[in-house]
Amino acid sequence: EWIEYIGKNIFKLAGRLKKENFSTAILFKNSFSSALAVMLAGIDRRVGYTRDFRGAFLTDKIEPAKDPNGKFKAASMVDYYLGITSWLGCEA
């Protein structure tokens, strides 16, 4: 199920997610609060990019592409999201 949450209360979001009893959360948004919310919801598998200090909340940590200087490499959102689906073994 795709859930888009527009709000500021991560505890409310975590409660909503917990009720659904999801086993996996795939985080496309590079948001600290979304990663925290899925962790607080007790979702066992949390997949996403390790950006914006959210790596500690993820179980499947995808390292984004970086340039030779260690800075994040710019990519289209399509390619960026396809990186997540590729990590999960999906065919694009």
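Here the structure is a predicted model, which is why all the values come from computation and not from measurement.
In this structure, the side chain of Thr59 engages the main chain of Arg46 through a donor-acceptor pair within 3.5 Å. In this structure, the side chain of Lys61 engages the main chain of Leu58 through a donor-acceptor pair within 3.5 Å. Using modelled atom types, one side-chain atom of Asp67 and one backbone atom of Asn69 make a donor-acceptor pair closer than 3.5 Å.
In this structure, Pro64 and Phe72 approach most closely via the heavy-atom pair CG-CE2, 3.1 Å. In terms of heavy-atom proximity, Ala37 sits nearest to Leu13 at CB-CD2, 3.7 Å. In this structure, Asp52 and Asn30 approach most closely via the heavy-atom pair OD2-O, 2.8 Å. The shortest heavy-atom contact between Ala35 and Leu27 is CA-CD1, 3.7 Å. Summarising the geometry of Lys29 relative to Arg54, their closest heavy-atom pair is O-NH1, 2.8 Å, with the distance given to 0.1 Å.
Remark: Phe11 engages no residue in a ring pair (Phe, Tyr, Trp, His ring centres under 6.0 Å) (not counting sequence neighbours).
When hydrophobic residues (I, L, V, M, F, W, Y) are linked wherever their side-chain heavy atoms come within less than 4.5 Å, the members clustered with Leu82 are Val78.
Once rounded to the nearest 0.5 Å, the distance linking OG1 of Thr24 with CD1 of Ile43 reads 8.5 Å.
Remark: of the listed residues Val38, Ile26, Leu88, Leu88 is the sole one forming a side-chain contact (heavy atoms from CB on, under 4.5 Å) with Arg45.
In this structure, the ring of Tyr81 has its center less than 6.0 angstrom from the ring center of Phe28.
Looking at Thr50 and Ile62, their side chains never come closer than 4.5 Å, going by heavy atoms from C-beta outward. Between Lys66 and Lys71, the closest side-chain pair of non-hydrogen atoms is not below 4.5 Å.
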